[in-house]
Visitor: 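Here's a structure for you.
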Amino acid sequence: MSADRAAELSRRRFLITTAAGGTGLVLGLTLPLPARQSEAAAAAAAPFSPSPFLRIAPDGKVTIWVSRTEMGQGVRTALPMLLAEELECRWDEVEIRTADAAPEEVYGSQLTGGSRSIRNLYDPLRTAGAAAREMLLAAAAARWGVPAAECEARDGAIQHAGSARRASF
């Protein structure tokens, strides 16, 4: 056997031996896993995101995604205002972000041009804001054991006048 052939075999044997030994160490090592949260705790810690345009974090921070490009027509103000107005949240507490490119099923067309941004997104954003508001009203009413019709959304919170209860988003 030549010296080159012997060196090739020894390298191969070295790699096989090291891989087998490393695998044995990895399999023999146990790491502590984090405790599993209950489903209720996980749901409470998750943000409320009833629409791709809207997310409300557990701390009440409202984030609105704008799916059109700002080209001087004011979409980063007008479009979030449509949603925030229906949601009844405080404008000074809204965070506005530009949406990433996404399939048309997510945000609809993301093309910007021809002054169509507000015209095309008026109904979807108002509907998203109103739907989120109604979900929040229903959740608060269920938690308090009162009719949802007695609750109202105002300034980023749900209020029940009869009991003076108030819960921030």
Visitor: Between the side chain of R76 and the main-chain N/O of I96, is any donor-acceptor distance below 3.5 Å?
Guide: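 Yes; judged by distance alone, with no hydrogens or angles, the pair exists.
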
Visitor: Would you compute the distance between atom CG of L79 and atom CZ of R126 and round it to the nearest 0.5 angstrom?
Guide: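 One gets 12.0 Å once the value is rounded to the nearest 0.5 Å.
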
Visitor: So W144 and H160, would you call those rings parallel, tilted or perpendicular, with 30° and 60° as cut-offs?
Guide: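 Judged by the thresholds at 30° and 60°, the geometry between W144 and H160 is tilted.
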
Visitor: Are M71 and L111 joined in one hydrophobic group, where the rule is that I, L, V, M, F, W and Y side chains link up if heavy atoms are under 4.5 Å apart?
Guide: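 No: no chain of side-chain contacts under 4.5 Å links M71 to L111.
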
Visitor: Could you check whether any side-chain N or O of E70 sits under 3.5 Å from a backbone N or O of V75, counting only pairs where one atom can act as donor and the other as acceptor?
Guide: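 Here the side-chain-to-backbone pair exists.
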
Visitor: Can you name the nearest heavy-atom pair linking T112 to T69, along with the distance?
Guide: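 Looking at all heavy atoms of both residues, the closest pair is OG1-N, 2.8 Å.
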
Visitor: Identify the two heavy atoms, one from Y107 and one from D100, that lie closest to each other, and give their separation to 0.1 Å.
Guide: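 In terms of heavy atoms, the two residues are closest at CE1-O, 4.0 Å.
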
Visitor: Go through the steps to decide whether C89 and D155 satisfy the test side chain to side chain contact (heavy atoms under 4.5 Å, CB included), and finish with yes or no.
Guide: CA-CA 5 Å; C89 65; D155 295 331; over 6 Å; no

Visitor: So, for R133 and A153, which heavy atoms are closest and what is the spacing to 0.1 Å?
Guide: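 Taking R133 first and A153 second, the nearest heavy atoms are CG-CB, 3.7 Å.
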
Visitor: Is the closest side-chain heavy-atom distance between C151 and V146 below 4.5 Å?
Guide: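 Yes, side chains in contact.
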
Visitor: Atom CG of L82 and atom OG1 of T127: how far apart are they, to the nearest 0.5 Å?
Guide: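 If I round to the nearest 0.5 Å, the distance is 10.5 Å.
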
Visitor: Give every donor-acceptor pair under 3.5 Å between a side-chain atom in residues 55-67 and any protein atom, sequence neighbours left out.
Guide:
residue : atom : partner : partner atom : Å
D59     : OD1  : K61     : N            : 3.0
K61     : NZ   : E93     : O            : 3.2

Visitor: Could you state the interatomic distance from CZ (R68) to CD1 (I118), rounded to the nearest 0.5 Å?
Guide: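 CD1 of I118 is found 10.5 Å from CZ of R68.
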
Visitor: Kindly say whether A161 contributes a backbone atom to a donor-acceptor pair with the side chain of E150 at under 3.5 angstrom?
Guide: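 Not at all, since once roles are kept as given, no pair shorter than 3.5 Å links the two residues.
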
Visitor: Ignoring hydrogens and geometry, is there a side-chain-to-backbone donor-acceptor pair from E86 to M81 under 3.5 Å?
Guide: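 No: the side chain of E86 does not pair with the backbone of M81.
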
Visitor: Side-chain contact test, heavy atoms from C-beta onward, threshold under 4.5 Å: evaluate it for W91 versus T77 and give yes or no.
Guide: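 Yes, their side chains come closer than 4.5 Å.
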
Visitor: I need the minimum non-hydrogen distance between P50 and A132, along with the two atoms involved.
Guide: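 In terms of heavy atoms, the two residues are closest at CG-CB, 3.7 Å.
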
Visitor: Mind listing the closest non-hydrogen atom pair of A141 and P147 along with its distance?
Guide: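 Smallest heavy-atom distance, with atoms named: CB-C, 4.0 Å.
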
Visitor: Got a second to check how far E85's CD is from L125's CG, nearest 0.5 Å?
Guide: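 If we round to the nearest 0.5 Å, E85:CD and L125:CG are 11.5 Å apart.
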
Visitor: Under a 4.5 Å cut-off applied to non-hydrogen side-chain atoms, are N120 and S109 in contact?
Guide: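 No; the side chains remain at least 4.5 Å from each other.
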
Visitor: Kindly say whether I158 contributes a backbone atom to a donor-acceptor pair with the side chain of R166 at under 3.5 angstrom?
Guide: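 No, R166 side chain to I158 backbone: no donor-acceptor pair under 3.5 Å.
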
Visitor: Rounded to the nearest 0.5 Å, what separation is found between the CZ atom of R116 and the CD atom of Q73?
Guide: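 Answer rounded to 0.5 Å: 11.5 Å.
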
Visitor: When rounded to the nearest 0.5 angstrom, what is the spacing between CG in L136 and OG in S168?
Guide: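 Between L136 CG and S168 OG, I get 11.0 Å after rounding to 0.5 Å.
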
